[in-house]
Undergrad: 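Let me give you the structure first, and then I'll get to my questions.
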Amino acid sequence: MRYKLLFATLFILLLSRTQPLVQDTNLYQEPYRPQFHYSPPCKWVNDPNGLVYYDGEYHLFFQYHPFGTTWGPMHWGHAVSTDLLHWQTLPVALYPDDIGTIFSGSIVIDRDNTAGFGENTMVAVYSYNTQSQGVAYSIDNGRTWTKYDGNPIIDALLPDFRDPKVFWHQDTRQWIMAISAGREIQFFNSPDLLNWEYMSSFHTPGTAGTWEVPDLFPMEIEGETKWVLIVSINGGTPAGGSATMYFIGDFDGESFVPDVPGEILWLDYGADNYAGTTFSNEPNGRHIHIGWMNNWAYAEHVPTSTWRGAMTIPRELSLVDTPDGLRLSQTPIPALSEVRESLGSWDELAVSGVVELENINGRELEIIAEFDPGSVMRSGISVHRNEVSQTQIIYSPLTSQVLISRSDRVDGELIRGFIPIFGAPVELVDGRLTLRILVDESSVEVFINDGTTALTALSFGDPSAGGVALFAEGGEATFIHMEVNALRSIWSDEAVVASQDVTFCD
């Protein structure tokens, strides 16, 4: 079996050296193609992997099937950015080998050469599809990679044993690995990234799916250090399908203990933010999170063409104290201001029924709104709107939720497995609700009440629909302040040309 895998890998490597550059003048102009979210030039993408900052660049690696638009033999794709908004796709970083295909993992900067590959070396720790763990390293800023000749460094201990997230724990001066193990997270330590010893595990009752893609990191709030454990789970989620939960507690270098045992918090109540992780070695100590903007319930059936899958907007995480306790808040990266153009603003706008925003038509928008829903049955904002389709962001006082209701038909056909409506519990603040909405060609991201609640959704329907409307049913709502901004595409001609130096596109 290993010889067959090796032959297949050599064939892939040969193709990668001979495939011509993409010469598609419509690249990044296809229907539904994200314009300010990252998606690779072509083919299938899922989990972000190995997020790391080094020498002026943010590196985004990702699960990539370079020969198809559905899930297949996994490689690590690679893109870099200096501002977390404008990306250049680079050649595939990690290929399958005679052990297996390359599943999710993480990257650290080994400043003190603990692994023996050299000071300041990029070291990737990843899973194989066999559920064993491997190591690769790069000494040229991630452009080329060498597999460790002692792989696998950890054998497959369980059927679902994967997705290692590794970091340096300064207090105990050792490397820590958080790794998924069925329906729990296990913690290992190592002096050198190569030899690992089991320490402890964490689980909580009340979850129905397999735990995946853990991330563990410290955060400061009012002079106190708390630890946040992020875990993706496929099943038993608020919107259905796959989603991401988190826990807040303490970590002493050996075990994680939550502040509230059994409490499950949700990073995003939407259907389309999964398998996310944060950047290691971030130069300003920020915790910047990127997720896969899709859902395993329908990921292989979304109606895109030469590519399938995209990433969420990068979000800076912070801890905030709320009436319900500590919670994560999410803020889109500041670089969005570089592509923002004002389309209009309104104050004290009374809405009853449906109010179309005249002269506002676009599919790449930022909408900022503060409104008083009054006593209406439902109120909110419609985007991607025309006479045949729309996506609505709805406040429902009956359920105290913000809901997303999205088109679930393309050319009259249902998207298999698509989840048409879902919501997040919210509390009004002084009788008001604040929303920041990012609208792209095929997605809507909603940040509620300063980002303490988030909803992320893919949004399909008529790809020409770009209207925006306000609505209030059963009374009058007041939009106290509202702004609509256009967001320019990050895919300039130069950016497209730079991303064309990638293999495997037809």
Side-chain angles (χ1 to χ4, degrees), residues 36-38 48-62 78-88 90 105-112 114 119-125 138 141-142 165-171 173 175-176 178 213-230 244 246 248 250-251 253 267-268 273 276-291 311-321 326-340 366 436 438 445 447 450-452 454 487 490:
F36 59 90
H37 293 82
Y38 178 75
N49 299 147
L51 304 188
V52 65
Y53 176 89
Y54 185 66
D55 195 22
E57 292 180 319
Y58 289 92
H59 293 259
L60 166 62
F61 298 86
F62 46 87
H78 187 193
V80 293
S81 174
T82 58
D83 65 358
L84 292 166
L85 182 63
H86 299 87
W87 295 93
Q88 178 185 352
L90 299 179
S106 55
I107 291 177
V108 296
I109 306 300
D110 188 8
R111 299 189 181 281
D112 298 326
T114 64
E119 293 182 356
N120 294 312
T121 298
M122 278 189 185
V123 180
V125 185
S138 173
N141 289 22
K165 181 62 184 279
V166 173
F167 63 94
W168 178 256
H169 188 252
Q170 184 62 35
D171 289 351
R173 298 198 58 78
W175 295 103
I176 302 295
V213 197
D215 194 2
L216 178 66
F217 48 88
M219 301 190 79
E220 301 293 322
I221 181 167
E222 297 179 355
E224 181 182 12
T225 299
K226 302 302 297 182
W227 286 78
V228 176
L229 175 63
I230 292 178
T244 303
Y246 69 95
I248 299 173
D250 295 300
F251 180 73
L267 186 73
D268 197 307
N273 183 356
T277 189
T278 59
F279 281 87
S280 67
N281 200 47
E282 210 287 326
N284 300 306
R286 298 180 298 170
H287 302 282
I288 299 172
H289 181 275
I290 296 178
M311 300 299 166
T312 66
I313 202 71
R315 309 168 180 194
E316 184 172 352
L317 306 181
S318 57
L319 268 183
V320 295
D321 199 358
L326 294 179
R327 295 292 185 267
L328 283 178
S329 175
Q330 304 174 60
T331 304
I333 49 168
L336 279 173
S337 63
E338 300 173 16
V339 296
R340 181 187 294 136
E366 176 189 48
R436 183 178 180 187
L438 301 181
E445 292 168 286
F447 302 89
D450 297 322
T452 52
L487 297 176
I490 62 173

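Positions are given from 1 along the sequence. Because only heavy atoms are used, hydrogens play no part in the values below, and waters and symmetry mates are left out as well, while side chains stay in.
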Undergrad: So how far is it from Ile290 CD1 to Phe62 CZ, rounded to the nearest 0.5 Å?
TA: 11.0 Å
Undergrad: Counting only N and O atoms by type, is there a donor-acceptor contact under 3.5 Å from the side chain of Tyr246 to the main-chain atoms of Leu328?
TA: yes
Undergrad: To the nearest 0.5 angstrom, please state how far the CG atom of Leu85 sits from the NE2 atom of His37.
TA: 9.5 Å
Undergrad: Nearest 0.5 angstrom please: Thr278 OG1 to Asp215 CG, how far?
TA: 3.5 Å
Undergrad: If you measure from CD1 on Ile288 to OG on Ser280, what distance do you get to the nearest 0.5 Å?
TA: 11.5 Å
Undergrad: So, for His59 and Phe279, which heavy atoms are closest and what is the spacing to 0.1 Å?
TA: O-CE2, 3.4 Å
Undergrad: Check for a donor-acceptor pair, side chain of Glu366 on one end and backbone N or O of Arg340 on the other, with a separation under 3.5 Å.
TA: no
Undergrad: Which heavy-atom pair separates Pro48 from Gly276 by the least distance, and what is that distance?
TA: CG-CA, 4.2 Å
Undergrad: Look at the aromatic rings of Trp175 and Trp168 and report parallel, tilted or perpendicular, splitting at 30° and 60°.
TA: perpendicular
Undergrad: Before giving the answer on side-chain contact (heavy atoms from CB on, under 4.5 Å), spell out for Leu438 and Leu336 the whole-Å C-alpha distance, their side-chain angles and the decisive distance to 0.1 Å.
TA: CA-CA 10 Å; Leu438 301 181; Leu336 279 173; 3.8 Å; yes
Undergrad: Which label fits Trp227 and Phe167: parallel for a plane angle under 30°, tilted from 30 to 60°, or perpendicular past 60°?
TA: tilted
Undergrad: Side-chain donor-acceptor pair under 3.5 Å between Ser81 and Asp83, yes or no?
TA: yes
Undergrad: How many angstroms lie between atom NE2 of His86 and atom OH of Tyr58, to the nearest 0.5 angstrom?
TA: 15.0 Å
Undergrad: Determine whether more than 12 heavy atoms belonging to other residues, nucleotides or ligands lie under 6.0 Å from atom CG of Asn141.
TA: yes
Undergrad: Any idea which heavy atoms bring Leu319 and Ile248 closest together, and the distance?
TA: CD2-CD1, 3.8 Å
Undergrad: Mind checking the CG-CZ spacing from Leu267 to Arg327? Nearest 0.5 Å is all I need.
TA: 12.5 Å
Undergrad: Describe, in one word, how the ring planes of Phe61 and His78 are oriented to each other, choosing from parallel (under 30°), tilted (30 to 60°) and perpendicular (over 60°).
TA: parallel
Undergrad: Is it true that a side-chain atom of Ser329 and a backbone atom of Ser318 form a donor plus acceptor pair closer than 3.5 Å?
TA: no
Undergrad: Asp268 pairs by side chain to side chain donor-acceptor pair (under 3.5 Å) with which of Gln330, His289, Arg315?
TA: Arg315
Undergrad: Can you see which heavy atom on Leu84 is nearest to which on Pro314, and at what distance?
TA: O-CG, 3.3 Å
